[in-house]
*Asks:* 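Mind having a look at this structure? Questions to follow.
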Amino acid sequence: MHLDSLYQEIILDHYRHPHNKGLREPYDAEVHHVNPTCGDEVTLRVRLDGDKVVDVSYDSLGCSISQASASVMTDLVVGKDVEEANEVHQAFLELMQSRGAGEPDEEVLEDAVAFAGVSRYPARIKCALLGWMAWKDAVARTMDNVSEATS
Amino acid sequence: MHLDSLYQEIILDHYRHPHNKGLREPYDAEVHHVNPTCGDEVTLRVRLDGDKVVDVSYDSLGCSISQASASVMTDLVVGKDVEEANEVHQAFLELMQSRGAGEPDEEVLEDAVAFAGVSRYPARIKCALLGWMAWKDAVARTMDNVSEATS
Amino acid sequence: MTVTGTNVGYDVDTVRKDFPILERTVHDGRRLVYLDSANTSQKPRTVLDAMEEFLSRHNANIHRASHALGEEATEAYEAARLKVARFVGSADETEIVFTKNISEAINLVAYSVGNASTLGTGDPRLRVGPGDEVVITVMEHHSNIVPWQLLCERTGATLKWFDVSEDGTLDMSRLDELVNERTKIVAVAHQSNMLGTINPVRLIAERAHHVGALVLVDAAQSVPHRGVDVRDLGADFVGFTGHKMCGPTGIGVLWARRELLDVMPPFLGGGEMIETVEMERSTFAPPPHKFEAGTMPITEAVGLGAAVDYLTELDRDAVDAHDQDLTAYALDQFAGVEGLRLFGPADAADRGPVVSFEVDGVHPHDVSQVLDAEGVAVRAGHHCARPLHKRFGVTASTRASFYLYNTRADVDALVAGLAQVKRYFG
Amino acid sequence: MTVTGTNVGYDVDTVRKDFPILERTVHDGRRLVYLDSANTSQKPRTVLDAMEEFLSRHNANIHRASHALGEEATEAYEAARLKVARFVGSADETEIVFTKNISEAINLVAYSVGNASTLGTGDPRLRVGPGDEVVITVMEHHSNIVPWQLLCERTGATLKWFDVSEDGTLDMSRLDELVNERTKIVAVAHQSNMLGTINPVRLIAERAHHVGALVLVDAAQSVPHRGVDVRDLGADFVGFTGHKMCGPTGIGVLWARRELLDVMPPFLGGGEMIETVEMERSTFAPPPHKFEAGTMPITEAVGLGAAVDYLTELDRDAVDAHDQDLTAYALDQFAGVEGLRLFGPADAADRGPVVSFEVDGVHPHDVSQVLDAEGVAVRAGHHCARPLHKRFGVTASTRASFYLYNTRADVDALVAGLAQVKRYFG
Ligand SMILES: Cc1ncc(COP(=O)(O)O)c(C=O)c1O
Ligand SMILES: Cc1ncc(COP(=O)(O)O)c(C=O)c1O
């Protein structure tokens, strides 16, 4: 049944047992993002140390895809340099735009390869990206704050 | 050729030799009407004596149908009581709405029976009515003026 | 009228044959169970044919062209206006203004009022400013919220709203307080697109008129189903939208009392809405043309006319009875689904044919995804009624909606799909 | 490109077969000679088929529905946006806002600017008030006049305009005076719908940008015919309309630089244009959705996409050459018609394929009526360009316009019809 190509076991696992969920201190920036279609929400905090992503925590309301994606995302970016993390984000974006034809690099995307099937469901791509968008925004704000503070 | 059902000889005659054209003094009310689609215009003056239509004069820019109709209209209303004239107007309106199926009463409409064919050309009905609309408006204003003056 | 199963006054199997799309399958051969008509309805063959016939035989611009096609096109367009007027009980077709959807219809009123307010001249009923109030409800579709928020922002008027009770009905207890001498406009849905609740529009209109306020009714969800008579509603403005009533996209309707259309300033400026244009200033055509700027959705109006014919022929009472029957049947079946929370009135008699619900522990997106895989098309999200969802403590719900081509078998497919949902996410 | 007769780059006889309506006759079997495409164009079979296919196979609401049909419909609608973007040279399809026609597109800009002005916050380029000037031309269609008059009325800004020279070209001599530091917006037609004149938009835009004003180009008459590249035009906003370019009614386009769409306040409020709605206030979606309130003309967008495909496949240069050839031929033939006064540039190279004229002593309504009886469909009136007609001392004119399916035989029929007109009214 093709539903399984969307709801891979990895996704359902992350959905049932999300990683890094719950807002934590300390943090450099907090953002709140909404999916206008369904009202799904995520509040996300980022903590950097120089270029290094030290912590990402979040609270969210949403479907299995958006919940699982946020969980996988935190696993992928915490501990990386911002630049590296952005590369992973870019790879994930490309996967989402691949209309089911993407061949995700498991080295880069790890658990996120499970989202390959989502790219065939345009309505769900936004769900998978909600956490990532919040992450990107939060990092941008952190950088802004830093550059303001040092300029 | 069915054009002839629209452009009856009577219409072309009135078009080429319009009656009562040219603005005259004295008058009780003057109105200016425009056909928004084609920009055709008529300026029309009415002079009443009590309930009697003493004079109607006009100046106009427009097609054969609107010119001829104004000319025929003046013939029909001058000399009548306002109420009688309104009945003629009503009969003409009904003819215009008849979609070619009207059987105009020549006793009432005289030369205006020639416009029966116009009712089959919706785009031209407005042309045929331009002068009549101005007439109706001018009479209404005259009556208003009178009732204001006497109240 | 005899009621036997879903076959109420007409044979639904015959009706289904009128809708070409119902023959198609989705996801590798599954029967399409279309339960999203409150979002947009499907179109009968007669509507498709009317549009095709117009486009391939009579297409021309209207009111402007003095040639055969132009006359045919104008006649077809104006005939559609007449049909729509009769359909909602208006004796004067110049009370029907065509728009692109009901959202535009509501914005038309809000902007016209805004323009009257900015210009500060004309009819005092149309002028709002600081101290004045516009009243809506928590139950509204965003299209009947945002235009009024924007109007209030532009004019300094204050937005107020009716709350909704736990049972999904409007909280009418504060009617006299909410609708008072400061109120200039009351805008309310005839039927909620989430809860299905049918609102006591007449009662609200009476109070509003008592205090001199104007009333707009959003009838997007009611006109497709039940016989709506604009005079009976007691409103000043009634809007509805073509694509939810078997008609095409791109066409909506504003009905308004002619006396109001006469004094309202124009909204969109452009060709065809004018009387005369000088560079210095323009004067405007009488209604409805004053509000129909530019080339209108002509083919779409013709399509809507055909939709109105279709609904009339089917008999609106029969459609209403059919929809009611399905709603009652669905509510009945839902009672047997564990963990299902229904929003809105529990009794089918108090609501239209939309049922929104929550499945315990499963997000609506996931519910609808599993249903879709079974061929069952429902809507998941806030259905453009976010404040109402918030009122019930959720960000989203799953909504099934029924129309004249649905059957009890469709409801059964939905219920079976919900079992599948629970297996998947249980 | 080889030019032989009217067969320029494509075979017009083959092309005519694509347009079902051209097979019909009018007035008891006369061949339809459709010379009113500047009013609205006819539609090729592929456009009709795309709409029919969408309605009978994929119809659903977009962006909202999480089911198979909803995804197909969303994809079809967004694919149309992409096609339109590429068609006019935009690399970013979020710069394409769908409207119901170009009139709405122009009103959208005027109202968004008006809203920015009323709120008094946000980007200063969008705020106009007393002392500020909006510049248009005497050559504009009413749809590019009235919205600016209404804006000026609401905000206290002043409307100015370019005059037109006797030869039908824009009087550019006062450019620097008209477009000055007080100017906030310049709105100008790319091609006049009465005279055919093609305006030096780029030059005007350069001056406007030099003084910090924004530029809107009304490309309703140019996009159907010649390749229009929005970046080449140098404008900030470009509008055009589906029904004049082989597409359906009910759909228009506003292209705008993304950076401007980002800072413009919304126009119509409603579903789908929001980010989040609270009763107290709402925030809005990013462009283009911010400007697409309510259910959009979905089928119509799909139809427009098919029209764009059709024009692209035919090759726009070929269409342009074909139209030019017919215009030149018509001007040639007109030279032989006694008592015919042509409005606008005498050289086909300086104009688009519309020719407006006067027949000495015969009113345009009567001209067009006689032509219609011969099967020749032209437009009579002021063509929604009353100030321009006044400029040339007439209240109305007769207009013939040519498009990709017209032939030299059509022009011959027109000229023969004019002889008939003179016999009738001579
Ligand atoms: C130059 C020009 N601008 C604007 C318009 C208005 O287009 P629409 O009626 O599709 O809004 C037209 C055509 O009517 C036109 O020719
Ligand atoms: C109650 C209600 N009002 C307004 C609308 C908006 O309709 P449209 O999107 O056609 O403008 C809808 C449907 O979307 C609705 O259900």
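So you know, we letter chains A, B, ... as the sequences are listed, proteins then strands, and number each from 1. These numbers come from a predicted model, not from an experiment.
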*Asks:* Crowded around B/Lys80 NZ? As in, over 12 foreign heavy atoms under 6.0 Å?
*Replies:* yes
*Asks:* Please check if the number of heavy atoms outside B/Arg16 that lie under 6.0 Å from its CZ is greater than 12.
*Replies:* yes
*Asks:* Using only non-hydrogen atoms and a strict under-4.5 angstrom cutoff, which residues of residues 80-110 of chain C touch chain B?
*Replies:* none
*Asks:* Does B/Ala70 have any side chain to side chain contact (heavy atoms under 4.5 Å, CB included) partners at least two apart in sequence or in another chain, and if so, which?
*Replies:* B/Tyr58
*Asks:* Looking only at heavy atoms, which of residues 93-122 of chain B get nearer than 4.5 Å to chain C?
*Replies:* B/Arg99, B/Arg120, B/Tyr121, B/Pro122
*Asks:* Mind checking side-chain hydrogen bond (donor to acceptor under 3.5 Å, both in side chains) for B/His33 and listing every partner two or more places apart, or none if nothing turns up?
*Replies:* B/Asp137
*Asks:* Let me know if C/Glu272 has heavy atoms under 4.5 Å from chain B in its side chain, its backbone, both or neither.
*Replies:* neither
